[in-house]
Each structure stands twice: as structure tokens, then as C-alpha cells.
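Heads up, the thing below is written out as C-alpha cells.
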Amino acid sequence: MSTSKLLRGTFILTAGVMISRILGLIYVIPFYHLVGEEGGALYGYGYVPYQIFLSLATAGLPLAVSKFVSKYNALEEYRVGYVLFRSGLRLMIVTGIVSCVVLYTIAPWIAPFVIDERANVNSTDDVVTVIRAVSFALIIVPVMSLIRGFFQGHESMGPTALSQVVEQIVRITFLLIGCYVVLRVFEGSLVTAVSVATFAAFVGALGGLAILIWYWWKRKKYLDDLLGRDRGQVTLSLKEMYKELFLYAAPFVFVGLAMPLYQLIDQFTFNHAMANIGLGKISEHAYSIFNIWAQKLVIIPVTLATSFSLTLIPTITKAYVEKDRKSLRKYLNQTFQVVMFLTLPAVVGMALLAEPIYAAFYSYDPLGEQVLRWYAPTAILFALFSVTAAMLQGINQQRFSVVSLTMGLFVKLLLNTFLITKLATIGAILATMSGYFVSVVFNLWIIKKYTNYQYQFVMRRTIFIGILTALMSGFVAIVQLLLKSMLHYHGGRVESIVIVAISALIGAGVYFFFSERSGLLASLFGNRFAFLQRRKEKKAVS
């Protein structure tokens with residue numbers, strides 16, 4: 001794969017992910033105002049088990065198929081990948097249907113673990129209904145994911161990117177219109193509306209699958225031509241193919257399961273722990289803020305940082321395989337720096353502006369502000385976990401990502417109920433932070449052990465980024481105070497949007513200015529910001 005094609009493919013895929021995430025963030029604003037905290041909690045109760053079953057149904061095969069097909073295409077053994085793809089499709093259909101049936105069947109068993117009948121507003125029957133509504137998506141999504149992996153293995157990122165965007169647009173449109181019609185036109189129940197919202201995952205998957213089928217017929221002649229050029233010198237049985245495939249797939253399964261498993265621990269323990277300390281009446285309100293609404297905001301800087309930094313993983317893999325220690329150290333340095341450069345100021349800014357940010361997206365809520373302020377720093381750990389797990393994949397030590405995730409989940413499970421009974425919602429956040437911290441530290445240690453990488457330079461650069469972030473924070477704090485006094489701020493949504501927009505713009509400008517002046521931008525992003533240097537030089541000449 002040429003460098004230009006790699007960069008183009010990475011850009012297309014990153015753009016698709018970013019657009020999907022942006023759409024996924026925007027829709028929660030009208031969705032929140034339609035279903036509120038109670039509906040948000042119910043939506044989360046259905047979606048978390050679905051995400052876990054989806055990961056188990058696909059078993060990491062889509063990304064593994066991408067790697068498998070790419071490998072044998074490079075050897076001009078195109079038929080090997082095609083045979084695996086056809087077999088994989090049949091497997092995904094079977095696992096999808098089985099997963100759907102199992103999740104639909106065990107929904108009544110899951111629900112009592114979620115709901116505490118002493119205080120919760122939603123009932124176990126409500127949870128069962130919502131879980132069963134979302135289970136149908138498991139029939140389609142695994143097949144769609146495998147087709148995406150096949151196209152990516154052929155260095156074609158457009159089908160994945162476009163299908164992701166279309167899937168999201170169809171899902172959101174069906175979700176919002178469906179909820180509006182149920183609640184405002186037919187004056188139906190909240191449970192019905194949320195069931196429609198979760199069923200939207202199935203409808204969206206149909207939209208994404210339609211795009212992939214269209215791409216398939218469009219590219220069929222090209223794929224047939226490749227089969228005609230097959231060298232035919234490699235013959236693998238399906239057993240051998242799947243053995244190699246599952247070696248690739250295992251790490252993707254566990255890393256993809258990380259956030260849903262953390263959420264599942266909260267789903268099974270949060271309401272019961274809150275009821276035990278007499279806070280059962282607000283537990284679902286707090287749960288929806290923590291695990292649905294605030295989490296949507298916290299994940300924004302994670303997506304941005306990982307999208308940029310993960311583009312460096314192929315170069316890390318190449319340097320490691322070629323035993324080019326100098327390049328490996330350089331790429332590791334750059335990846336860690338990019339993560340911290342993008343995540344740290346975003347996290348601090350979100351914590352500073354927690355009150356108006358939460359009010360701007362949802363509504364004024366003191367608990368929402370408190371949760372978002374405490375939850376924001378977790379974004380750094382989310383980003384570092386994703387990136388370090390990818391690095392372990394790059395240096396062929398992916399088995400340790402399974403160990404680190406298991407350690408983190410054990411810490412979360414050990415601390416969660418105890419900390420919730422002591423600190424309520426903040427306790428659940430601290431338990432999550434503790435779990436991810438253990439996983440990240442373990443991953444960093446493994447990277448050091450197998451690459452002899454030293455962290456001193458990154459530590460010094462992180463301190464410098466922290467200083468720039470502190471400068472930015474000072475400006476943001478002052479601007480926020482001035483705007484609140486000028487607007488006579490009382491948590492209004494329009495006022496909040498104005499404060500967030502102006503404060504964020506000034507904060508980003510200050511951070512960018514000091515980063516450019518200090519040479520940090522040039523160090524991290526090379527000549528991408530060379531136009532600034534040329535502009536300064538022109539001014540100096542004039």
C-alpha cells in the first residue's frame with residue numbers, strides 16, 4: 001500500500017467516523033427533550049447489553065478479516081480472502097440470529113439485576129421490552145460489519161465510511177421521528193417511545209447494509225478480475241483460515257468490549273447501591289446523566305484524539321517489524337504527544353465549562369454539572385487505553401490488552417458499590433477512573449518492556465502541554481465570569497450556548513497561539529501549519 005493511498009484511506013475512514021460521532025452527539029439534544037432522564041436511563045438499559053452481544057456476535061472478525069484479506073492480497077492470493085469472506089458471511093448470519101434469540105430470551109433474567117423495585121421509576125417489564133426491541137439489530141449488524149472489513153482489506157475505505165454515515169442518518173431520523181410520533185402525536189407511553197428508539201438500530205443497519213450491497217455490485221467486476229489474477233499457490237482449509245483469523249480477532253473483541261463492560265457493571269450495581277443509601281428516588285436520574293448524557297460529551301475529545309493518533313499505528317508496526325528502534329521511538333513519542341495535546345485542553349475546558357455545557361446540550365442541572373466536571377478527566381484515560389491497546393497490537397503483544405482490561409474491570413467491580421455508597425454518583429466515576437488507570441499503567445509497562453521505550457521525553461512534553469493548558473484555562477475562567485455577569489446567567493439554554501461558544505473559541509485560540517509560538521505545533525504536526533510560518537516571514541520582510 002502506497003503512503004498516499006494509506007493516508008487517503010485513513011482520512012476517508014477518519015472522516016466517516018467523525019461525521020458519525022458528530023451526528024451521534026447532535027441527535028441527543030432533541031432526544032433528551034423528548035424522553036428526559038427517565039427515558040435516557042431506559043435507553044441505556046437496553047443499549048449496553050446489545051453492545052456486549054454485538055461484540056460477541058462479531059467476535060472481532062470484521063477487523064480481523066480486513067487484516068487477513070490485506071495480507072493475502074499482498075501475496076496475490078485473492079481467492080483465499082474471498083473464500084474466507086463467503087464463509088464468514090454465513091457465520092455472521094448464524095451468530096447474529098443466535099445472539100438475537102439469546103438476548104431476546106434472557107431479557108427477563110437481565111432486568112431484575114438492573115432495576116431496584118424499592119425506588120426505580122422504570123419497571124423490570126419496561127427494561128425487558130426495550131432490550132427485546134434492540135435485539136433485532138443483531139441480525140443485520142454483524143453481516144454489515146464483515147462486509148466493511150472485506151472492503152477495508154482491499155484498501156477501500158469509502159464503503160465503510162459512507163455506510164457508517166448513512167446508517168447513522170437513517171437510525172437517527174427513524175429514532176427522532178418515531179419518538180415524536182409516539183409521544184406527541186399518539187400520546188403513547190415512554191416505554192413504547194424508547195423501544196422505537198432502540199429498534200432504530202435495526203432500521204439504521206438496513207440503511208448501512210443497502211449502501212454496502214450497492215458498493216458490492218458496483219465493484220463486482222473489479223473483484224472478479226482480481227480472482228482471475230489469483231496465483232493459486234496458497235491453499236488453506238477453512239479450519240486453518242479461522243485459526244489464523246481468531247488469532248487476529250481476539251484482541252479486537254476485548255478492546256471493543258471495554259466501555260460496554262464498564263457500563264454493564266454500573267447497570268447491575270448502580271441503582272441497588274443508590275437505593276441502599278436512601279437515594280433510590282434519584283438513582284435513575286443520576287444513572288442517565290452519568291452513563292448516557294454526560295458520557296456522550298466526554299467521548300468527544302476521545303474520538304478526536306484517537307482518530308489522529310491511531311493513524312500512526314501502521315508506522316509503529318512497520319518500525320517494530322523492521323527493528324528500526326529510532327523510528328519506533330519517534331512514532332511512539334509523537335502518538336503519545338498527539339493524544340495529550342488534543343485531550344488535555346479539551347478535558348480541562350469541559351470541566352471548567354461543565355455548567356453551561358450541560359445546560360446548552362440538555363438543560364440546567366446541578367447534578368449534571370457536577371457529574372460532567374468529575375467525569376471529564378476520564379477522557380484522558382479512555383484515549384490512552386485505546387491508543388496503548390492499539391500499540392500492543394502494533395508490536396504483536398495484543399494478548400496483554402486482554403490482561404490489562406481484565407485487571408481494570410476487576411478494580412471497577414471491586415470498588416464500584418463501595419464508592420457509590422460513600423460518594424453516590426461520583427463514586428461510580430472514580431471506580432471507572434481507577435479501573436482504566438490500572439489498565440493504562442499496565443499497557444505502558446508492557447510497551448516499555450518489549451520496546452525498551454523510555455517515557456522521560458513524553459513526560460516533559462506533557463508537563464509543557466499542561467502549562468499551556470493552564471494558561472488557556474486562566475483565559476477561559478475569566479471569559480466565563482465576564483460573560484455570566486454580562487448575561488445575568490441563570491442557566492438558560494441560549495445564554496449557555498453563547499458562553500460555551502465564546503469561551504471555547506477564545507480558549508482554543510489562546511492554546512493554538514501559544515502552541516504555535518512555542519514550536520509545539522510544528523513539532524507534532526510537521527508542515528501542516530507551515531502557512532503560519534510563511535505568514536510571519538512575509539510580515540517580517542514587509
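What you see below is based on every heavy atom in this structure, not just the backbone, and it leaves out hydrogens, waters and symmetry mates.
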Taking atom [atom1] of [X] and atom [atom2] of [Y], what is their separation to the nearest 0.5 Å?
X	Y	atom1	atom2	value
L146	L91	CG	CG	8.5 Å
I300	I22	CD1	CD1	9.0 Å
L261	I52	CG	CD1	4.5 Å
Q337	L520	CD	CG	7.0 Å
D324	Y331	CG	OH	7.5 Å
E76	D230	CD	CG	9.0 Å

Name the orientation class of the two ring planes belonging to [X] and [Y] (parallel below 30°, tilted from 30 to 60°, perpendicular beyond 60°).
X	Y	answer
F31	Y27	tilted
F385	Y436	perpendicular
F150	W216	tilted
Y47	Y50	perpendicular

Where is the tightest heavy-atom contact between [X] and [Y], given as atom of each residue plus distance?
X	Y	result
I131	Y45	CG1-O, 3.8 Å
F336	T388	CE2-CG2, 4.0 Å
L23	I172	O-CD1, 3.3 Å
V134	G46	CG1-O, 3.5 Å
R132	A107	CG-CB, 4.0 Å
F382	I299	CD1-CD1, 4.2 Å

Please tell me if the side chains of [X] and [Y] come closer than 4.5 Å, counting only heavy atoms from C-beta onward.
X	Y	value
R461	N333	no
P49	Q267	yes
V141	F202	no
S156	Y215	no
P159	R219	yes
L34	R184	yes
Y82	L227	yes
F361	Y32	no

How about Y180: does its OH atom have over 12 heavy atoms from other parts shown lying under 6.0 Å from it?
no

Within the supplied structure, the quantity of interest is the number of heavy atoms (other residues, nucleotides, ligands) at a distance under 6.0 Å from R325 CZ; does it exceed 12?
yes

Side chain to side chain contact (heavy atoms under 4.5 Å, CB included), paired with L392, selected from I446, V387, V402:
I446

Checking side chain to side chain contact (heavy atoms under 4.5 Å, CB included) against M340, which of L524, V458, T335, I380 comes through?
I380

Using the side-chain contact (heavy atoms from CB on, under 4.5 Å) rule, take I265 and L409 through it: C-alpha gap first, then chi angles, then the decisive distance, then the call.
CA-CA 9 Å; I265 291 172; L409 287 170; 4.0 Å; yes

Hey, do the aromatic rings of F341 and Y511 have their centres closer than 6.0 Å?
yes

Taking the side chain from H154 and the backbone from S70, do they hold a donor-acceptor pair closer than 3.5 Å?
no

Show, in sequence, the C-alpha distance, side-chain angles and deciding distance for T343 and V302, and conclude whether the side-chain contact (heavy atoms from CB on, under 4.5 Å) test is met.
CA-CA 7 Å; T343 310; V302 178; 5.7 Å; no

Using distance alone, with no hydrogens and no angle criterion, decide if S20 and Q164 have a side-chain donor and acceptor under 3.5 Å apart.
no

Stepwise side-chain contact (heavy atoms from CB on, under 4.5 Å) check, I447 with Y455
CA-CA 10 Å; I447 291 167; Y455 292 98; 3.7 Å; yes

Starting from the C-alpha separation in whole Å, work towards a yes-or-no answer on side-chain contact (heavy atoms from CB on, under 4.5 Å) for T469 and M472.
CA-CA 5 Å; T469 301; M472 176 208 75; 4.2 Å; yes

One thing to verify: whether D225 and K221 come together as a salt bridge, which I'm taking to mean a side-chain N less than 4.0 angstrom from a carboxylate O.
yes

